[in-house]
Each structure stands twice: as structure tokens, then as C-alpha cells.
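Labels below follow one simple rule: chain letters A, B, ... track the order of the sequence lines, proteins then strands, and each chain is numbered from 1.
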Amino acid sequence: MASRSSDLQCVWFKRDLRISDHRPLVEAANAGPVLAIFIIEPAVVEAPDYGEIHGVFQAQALRELDAALKKLGNRLVVRRGEAVEVLEAIRSEIGFQALWSHEETGNEITYRRDREVGIWAKNRGVVWTEISQNGVIRGLCDRDGWAGLWRERMKDAPLDAPIRLRERSGQLVSEEIPNKLSNREEGWVTETDMVGGEIEGRAVLDSFIEGRGKGYRKKMSSPVTAYDHCSRLSPYFSWGCLSIRSAVARVREAMGKSLPRADGNSFLSRCHWHCHFMQKLEAEPEIEHHCFNRACENLRPRNPDPERLEAWCSGQTGYPFLDACMRSLRTRGWINFRMRAMLVSFAAYDLWLDWRSFKDFLARQFIDYEPGIHFSQVQMQSGVTGINTLRIYSPVKQGRDQDPSGGFIRRWVPELSSLSEDQIHEPWLVQSGELKSLDIVLGRHYPRPIVDHQTAVKKARLAFSELRNMDEFWEEAARVNRRHGSRRPTEKRPKRRKKESAQQEFTLQ
DNA sequence: AGTGCAGTTGACTTT
DNA sequence: TAAAGTCAACTGCAC
């Protein structure tokens, strides 16, 4: 049995794989010798939202974290198993009464696990201290004052990494860190150049501040320029290799110097939005499975048309720019925000798929999958929040606007590469004789559009306008707005159309 | 140089 | 983080 007087401090690493700006680690180190652990939880890494790239990225970050801890005279103990059973095993092997970690705003699985760990800790007399690592405020019921609290959080200077970490993990066995945390395979060639780890994260931040960020504001819209000029820090934020606060501090410092003010401000407002969306999941975990606006719950069929879903997932919808974006995403694990919105818009409005039928697929593709942002976004781009106006993207217009020369399409949809700049956005408009002379047969080398955009969108709008005639929709919209709505006065929200009242009809004016 | 007209641009509204 | 429609102001051009 473990010694009851142990002053050993157990630091449980989760989605915070770094040593800088890591308050639990610093506080634990001040309180006693540190035992650093990471748990590979089957329930987490085998869940439908956990992708192959996540397993690789996290494994890279873990290896680097272990190396960093070793430099501080410590090490990382890695175990596989469900959290409570592993914590109990370690406690019985070495004994500790203090457990430290960051607050996590995760999916249902990690939320339930955290509650179980809480109960376990209480029963064992272990004091578990959870500390926030971003602008998400635990226990907030509505959005009044949130923006101010976020600013407060970002004011604090990031914490330095500890200089030394007293070690006392004894003979505790640590598993070898695998090359990836799960055996999941996407069946798609991935060639992402994003490598997990705190050092890599800092290098990415440096290159953004020192050059890539110039023109960020303008260049983030097109997938042609976004890959280089967006920060691409999101995976490092999601897996915790870099804290939001430390990126915010570095960007503020560089603004007006190596980074133009407009670009820096644009990046900072995105850091703000990052936490804004996570806060929604923190406040209402049900949004993983239910529409923000419950009146939208049965709007679309819950069972997807399998052929439509498959065409969308594999980049075979017949809309060249859309397919290019999907294929690029699946290969690189990342695409810019605007194109993510377009992909979801197409699934939701053109294909009339319920967001719940594609959210896990998309989550597995995004190397920067962050549950709170993801659930909010797929719902928002599907129009089921009730507090945002419908934003329906035209894949052809987006293609002409964001990839006018068609170069991005040619790269990711090579079967169309012989088409001209004008033809490539709408190959179905090209005479079949001319297509044939270029060795392209639609329906064989590349599909015809699986739906007609204009027709599909018209139908979708009609369904929404019917929904908006129901009182329940507006009651729900008011509730969502109270709980989650941004308090920015500029935000535009749909307004209920005035009913033609008798009074209005007969008012003479 | 002024006028009429078709076509363009931009701000704003609607869905 | 949309797109299409409306309307008025503007532009270029012919006469």
C-alpha cells in the first residue's frame, strides 16, 4: 500500500503536451516531486471522432514531451488503459495524493471520464486540481461579461517552463510511445507536413510572425495562399503543444514590427473566436448530439443517403473546386476556414445531410480537431443554430473567386487538368465533343454534378422558410442567443419577419 | 458642350 | 465565414 504521507505530485498530461505556460506543472513542481503521466485511453483513441493523423501527431508530441521532461531531470510515464483504472494502478504502485491537470472541454467521452476521475479522486482522498489553459470559463451560465474575462485571461504573461523537475517515479513502468496512438486507418494517402511537438509549434509560430503572416488577412480566404500564409498553429493549440496565451503574447509583441497590424489583429480576433466557440461546448455539452436550436432536430433525415455521403467524402461530387478542397483536406489534414465552411454547406444544403451524419468523418480529417469549435461550426454551417443567417456557398462561385486560374483544381483533380481556366470550374457546360478531344468523358473520368446546386439550394431554403413560420423556432432562437450569442453589437442575426397584422393593414400612412 | 442611353459599380436589402 | 436581387449613381459613348 502506498505511503499516505507522500508529497508526490502527479501531473496528468492530456491535450496540453508542452512544458511552457503549463500552470499545473509549475504548481505541482512547487509543491513537491513530480510524476508526469500520459494515458492512452482506448475509449478516446478508438472513438469515431479520432483520426489516424491525430494518433500520429499526438505520438510525435509525446515523444518530444518525454525528451523535454528528461532534460529537466524527469520523464514521462505512459500507460494504456482507461483513465480511472490507470490512475488507480499508479496510485497503488507508488502512491500520490495530489493530481494536477488542465481543464478540458472535450467530447462526451472525455467529459464522462473526467467526472469518473473526479469521483475516484474523492473516494481515494486524492486532491485533483484542474486549471484553465485558455479563455474558456468553467461554470458560466450565459455570455454576459465573457469577452472581458477572455481579455483578462490573455493579459497574464505566459509561464516559463520549469528549470528543474524533482523526480520520484521510482521503478514505475512506462510503455514505449508508439508511432501512433491508435490503429485506425483512413485508407487515404496523407502527406501532412505538420509535426507534433512544442518545438515544432514554436517554429511554426516564429515563421508566421517573421514572414508568412504578412498578408494573412487577405490570403487566408483562398486555399491557394492559405496553406502558406495562415498561421497553421491550430493543431498545436488543439493538442496543447502551444498555449493560446503564448501565441497571443508573441503576436502582440511583433505587431507593427515584423507583422503588419491588420494581419496581427486579424489573427488575434481568431484566437478570441477559438475560445468563443469552445465556450459553447463548455456551457452546453449536449451540442455534440443535439441541434443548438431544438426546433431543427428533425429538419433533415437522420440516416444519410449513403451514395451522396460517399461522393462528398471522396471528393467525387462533380463540382471541381469542392472536390479539390475535399481531396486536399484529406491529403494534408488541413484546409482553410472558408473552404471548410463551403464543404459543410454543400453537405448540409446541397446534399441535405444531417450534420450528425458527417461530423465524425470531418473530425477525423482535421488535424486540428477541437470538439467545441467543430460541433459549433458544423451546426452553424448547417443552419441549425437559429441565431445565424443561412450562409449557403456556391462551389462554382467560390472556385472562380478563390482559384480563378484553376491551378488548385488542376493540382487536386488532375483528371480535369487539361481544361482551360474558364472551362475547369464548370466542365459540364463544355461541349462533349470538345471534352472528348481532351480525353475527358464526364461520368467516366470525372462525375457529372451529383445534384444541381440551384435546384437543391432552392429546396433547402424553402424548408428553412417553413421552419421559420413556427413559434418553437423563435423561442429556441431566443434561448440559444441568451446562452451562447456573441455580445458584439455588430453581429447580424436573423430577425423575425413582422406578421401582417390587421392593425398594420389598416394604418393609414 | 449637353443629352440620352446602355452598361457598370457599389451600397443596401432579402432570402 | 453567402449569394442574389434592387436601386441609384456613375461612366463611356454616340449624336
* Could you check A:Phe292, A:Phe277, A:Trp146 and say which one makes a ring pair (Phe, Tyr, Trp, His ring centres under 6.0 Å) with A:His484? => A:Phe292
* Set of residues satisfying side-chain hydrogen bond (donor to acceptor under 3.5 Å, both in side chains) with respect to A:His229, sequence neighbours excluded -> none
Which pairs of donor and acceptor atoms, one on a side chain in residues 251-260 of chain A, lie under 3.5 Å apart (sequence neighbours left out)?
{"from": "A:Lys257", "atom 1": "NZ", "to": "A:Glu253", "atom 2": "O", "distance (Å)": "3.1"}
{"from": "A:Ser258", "atom 1": "OG", "to": "A:Ile209", "atom 2": "O", "distance (Å)": "3.0"}

* A:Met342 near the nucleic acid: base, sugar-phosphate alone, or nothing, with a heavy-atom cut-off under 4.0 Å? -> nothing
* To do: Please state how far atom OH in A:Tyr349 lies from atom P in B:dT15, giving the value in whole angstrom units.
  => 17 Å
Any protein N or O atoms within reach of nucleotides 2-6 of chain C? Criterion: under 3.5 Å, listing atom names and distances.
{"from": "C:dA2", "atom 1": "OP2", "to": "A:Arg391", "atom 2": "NH1", "distance (Å)": "3.4"}
{"from": "C:dA2", "atom 1": "N7", "to": "A:Arg391", "atom 2": "NH1", "distance (Å)": "3.2"}
{"from": "C:dA3", "atom 1": "OP1", "to": "A:Ser394", "atom 2": "N", "distance (Å)": "3.0"}
{"from": "C:dA3", "atom 1": "OP1", "to": "A:Gln398", "atom 2": "NE2", "distance (Å)": "2.9"}
{"from": "C:dA3", "atom 1": "OP2", "to": "A:Lys397", "atom 2": "NZ", "distance (Å)": "3.4"}
{"from": "C:dA3", "atom 1": "OP2", "to": "A:Gln398", "atom 2": "NE2", "distance (Å)": "3.0"}

* Structure fact -> For A:Met154 and A:Val248, the nearest pair of non-hydrogen atoms, with its separation, is SD-CG2, 4.1 Å
* Asked: Testing A:Trp412, A:Trp334, A:Trp188, A:Phe366 for side-chain contact (heavy atoms from CB on, under 4.5 Å) with A:Leu329, which one passes?
  -> A:Phe366
